[in-house]
Amino acid sequence: MIKVIYVLFSFAFKFSAALDRETRLAAVTYYVALAFTRSEDGDIVACDPKEAQSSDQAIRMAKVLAANKPHCGALAFSRAGDPAIGEFADAVILKTVGDFDGGLVET
């Protein structure tokens, strides 16, 4: 459970362009589909996140990921912020699909 929360709230994208300190970008929203598998102990473990172009695409990707083995479920979330200063709001869960323990994520 801690791993899932860590992935959601510390998820960061790498940016190749250096930004001038005085240049501030408007808020950007990232959309992500994140699949999960079960460990041998039965714990839910996050897989690599997949970036999407829209909330609808992230939800569709989560549905496809959850339906394919070895995944036990997936979720779509968004996160908005200003990459120029590295400040992001908490992730917003858009959709959960598949086998999730109650309380693992709140929608």
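Positions are given from 1, in the same order as the sequence printed here. Note that the structure is a prediction, hence the values are computed from the model and not measured.
In terms of heavy atoms, A58 sits closest to Y31 at CB-CB, 4.1 Å. In plain terms, the two heavy atoms of A91 and F77 that are nearest each other are CB-CD1, 3.6 Å. Shown here for Q53 and Q57, the closest heavy-atom pair between the two residues is N-OE1, 2.5 Å. When all heavy atoms of A74 and L65 are compared, the pair lying nearest together is CB-CB, 4.1 Å.
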**Test side-chain contact (heavy atoms from CB on, under 4.5 Å) applied to V45 and R38, step by step** = CA-CA 6 Å; V45 179; R38 286 210 181 264; over 6 Å; no

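Between the NZ atom of K50 and the CG atom of L34 there is a distance of 10.0 Å, given to the nearest 0.5 Å. Annotation: the span from S78 atom OG to Y30 atom OH amounts to 12.5 Å, rounded to 0.5 Å.
Linking Ile, Leu, Val, Met, Phe, Trp and Tyr residues whenever their side-chain heavy atoms come within less than 4.5 Å leaves M61 and V97 in two separate clusters.
A donor-acceptor pair under 3.5 Å is absent between the side-chain atoms of D41 and the main chain of D43, judged by distance alone.
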